[in-house]
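All chains are named by letter (A, B, ...) in the order of the sequence lines, taking the proteins before the strands, and each is independently numbered beginning at 1.
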Amino acid sequence: MSINRPKGTQDIVPGNVERWHYLEDEIRKICSDYGYQEIRTPIFEATELFQRGVGETTDIVNKEMYTFEDKGKRSITLRPEGTASVCRAYVENKLYAQPQPMKLYYLGPMFRYENTQAGRFRQFHQFGVEVLGGDAPLVDAEVIHLIWEFYRRIGINNIKVHINSVGCSECRGEHRERLQEFLRDKKSDLCSDCQVRFEKNPMRILDCKNTSCQEIVANAPTTLDTLCEDCAQHFTKLQQLLSLAEIDYHINPKMVRGLDYYQKTAFEVIAEGIGAQSAICGGGRYDGLVEEIGGPTTPGIGFAMGIERILAVLENQQKDSEEETKRGVVVAALGDLAQQEGFKLASELRKAGISTVMDLMGRGLKSQMKFADRQGARYVLIIGEEELTKNIIIVRDMSLGDQTEITRDKIINFLSDKLTNSELLL
RNA sequence: GUGGAUGUGGCGAAGUGGUUAACGCACCGGAUUGUGGCUCCGGCACUCGGGGGUUCAAGUCCCCUCAUUCACCCCA
């Protein structure tokens with residue numbers, strides 16, 4: 001019996017990893033463009049951090065955490081999301097003492113113990129942004145604009161940006177009462193989950209996927225109906241700014257996200273064609289969170305997007321692949337002596353910045369040519385006994401199909417002149 | 001956690017109880033001397049996911065198990 005990778009994990013192998021590199025590069029670039037700095041926090045944290053930070057009533061904490069006890073009897077959890085850790089690090093490193101707001105981003109693996117399906121893994125990767133120490137709608141707008149611009153840059157177009165305001169601790173209370181009032185006589189018709197939610201977190205009944213619950217809740221008071229003066233202004237201002245930035249957003253009063261810490265602004269980006277798990281980005285404002293985990297009162301807002309889901313979207317909308325261009329050099333050597341010379345030549349070429357590969361299997365010339373072709377090499381440098389004695393090298397142009405002889409001492413210059421920068425990279 | 005689907009070589013995929021398990025792609029080798037992409041030839045399943053059972057006979061039927069996958073809940 002061979003050993004397989006754990007359920008819900010994946011190996012990212014050559015031929016695929018390049019897409020990750022591309023996204024990672026774009027992520028770093030856009031964060032730099034918007035003035036966000038990277039923060040790296042541990043992959044595992046004290047379990048309590050997530051219990052307090054993410055919220056005891058959430059699915060993440062209730063059933064999706066990878067929790068274990070370490071040898072010191074500490075309860076440890078593989079991070080299921082990034083926000084709690086970033087806030088913890090913000091407090092622990094006293095980043096609040098630096099100029100505010102603190103604009104941070106992270107990129108890395110997250111872990112959630114749940115059944116897998118299209119777009120859902122046990123180890124998956126998120127790119128996320130957190131802004132701590134700024135409570136203005138302008139901050140919300142900048143964060144959403146970063147998302148919008150990011151998708152534009154990587155060529156994702158069929159997306160919908162949903163926004164909502166779930167209110168703050170003050171207006172949330174009023175909403176809760178009005179909603180419970182509205183639902184009281186209909187309670188028995190709700191699904192079993194929602195009957196529990198009725199007491200614990202009635203707001204979440206609003207976005208229950210159960211169709212009968214949706215009907216019941218169709219005319220229920222939303223959080224937008226009960227926003228306090230402050231929250232209402234914040235939301236209005238945000239909409240103005242988004243319009244100004246020409247972001248095509250949709251207000252969805254029923255969108256209530258599953259994490260306890262959201263206040264005021266909540267948003268989600270939905271893509272098409274990647275299966276049932278269509279949210280490629282989710283986030284919101286969490287003004288009480290830093291305080292909750294023991295820090296100073298600090299407003300915050302952030303989002304996380306799933307790398308795997310972005311890749312799925314890109315793959316889904318990908319047009320016919322672009323024809324690959326010939327790049328780099330392959331050294332084909334025949335026999336022991338020539339192989340030594342080839343090895344030396346390859347070292348020199350690489351030192352000169354020319355991407356070079358040589359056969360390591362001692363194959364015949366025909367095989368080496370085939371190998372060079374597969375590698376997509378632009379030139380093959382052929383060295384055999386004859387060339388060795390004559391002190392020359394055969395340079396074969398793989399796209400033109402012709403070849404010339406170049407003396408050994410001129411070969412580096414010859415290739416440097418011939419190859420453009422893009423052709424040097426394999 | 002719950003439900004459906006599927007498990008045959010590296011990948012895709014025939015096979016619907018009976019001799020040595022098709023085929024395609026990939027990979028490796030060859031087609032007279034040291035030359036690629038086309039063509040031709042050859043090589044590549046000692047566990048047909050694993051275990052048990054039915055049968056003279058099972059990849060093909062039954063049971064169990066594991067895995068993968070899609071979906072629900074929820075989310076990235």
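- For A/Glu405, the side chain to side chain contact (heavy atoms under 4.5 Å, CB included) partners at least two apart in sequence or on another chain are A/Lys390, A/Ile392, A/Ile394.
- Evaluation of the salt bridge (Lys or Arg N to Asp or Glu O under 4.0 Å) test over residues 148-162 of chain A, restricted to residues two or more places apart or in two chains, returns A/Asp33-A/Arg153, A/Glu149-A/Arg152, A/Glu149-A/Arg153.
- One interatomic measurement links the two molecules: CG of A/Asp402 to C1' of B/G36, which rounds to 14 Å at whole-angstrom precision.
- Partners of A/Asp359 by side chain to side chain contact (heavy atoms under 4.5 Å, CB included), not counting sequence neighbours, listed by chain and number: A/Met361, A/Arg363, A/Gln368.
- Side-chain polar atoms of A/Thr67 and A/Thr77 form a donor-acceptor pair below 3.5 angstrom.
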message = Can you give me the dot-bracket string for RNA chain B, 5' to 3', counting Watson-Crick and G-U wobble pairs with both distances under 3.5 Å, using [ ] for crossing pairs and | for partners on another strand?
response = ((((((((.[[[..)..(....]]].(((((.......))))).....[[[[[..)....]]]]])))))))....
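- For A/Glu64, the side chain to side chain contact (heavy atoms under 4.5 Å, CB included) partners two or more places apart in sequence, or in a different chain, are A/Asp59, A/Ile60, A/Arg112, A/Glu114.
- A/Ala346 pairs by the side chain to side chain contact (heavy atoms under 4.5 Å, CB included) definition with A/Val331, A/Arg350, A/Thr356, A/Met358, not counting sequence neighbours.
- Using modelled atom types, one finds a donor on one side chain and an acceptor on the other under 3.5 Å when comparing A/Glu142 with A/Tyr36.
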Protein-nucleotides 29-31 of chain B N/O pairs closer than 3.5 Å?
none

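- Under the salt bridge (Lys or Arg N to Asp or Glu O under 4.0 Å) criterion, the residue pairs touching residues 267-282 of chain A are A/Arg257-A/Glu268, with sequence neighbours excluded.
- Against RNA chain B, the stretch residues 332-342 of chain A makes heavy-atom approaches under 4.0 Å through A/Leu334.
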Please list each protein N or O that sits under 3.5 Å from an N or O in nucleotides 38-45 of chain B, with the distance.
none

task = Spell out protein contact along nucleotides 2-8 of chain B as letters: B when the base is contacted, S when just the sugar-phosphate is, - when no protein heavy atom is under 4.0 Å; keep the 5' to 3' order.
result = B------
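- Here ring-ring contact (aromatic ring centres under 6.0 Å, His included) pairs that include residues 352-372 of chain A, with residues two or more places apart or in two chains, number zero.
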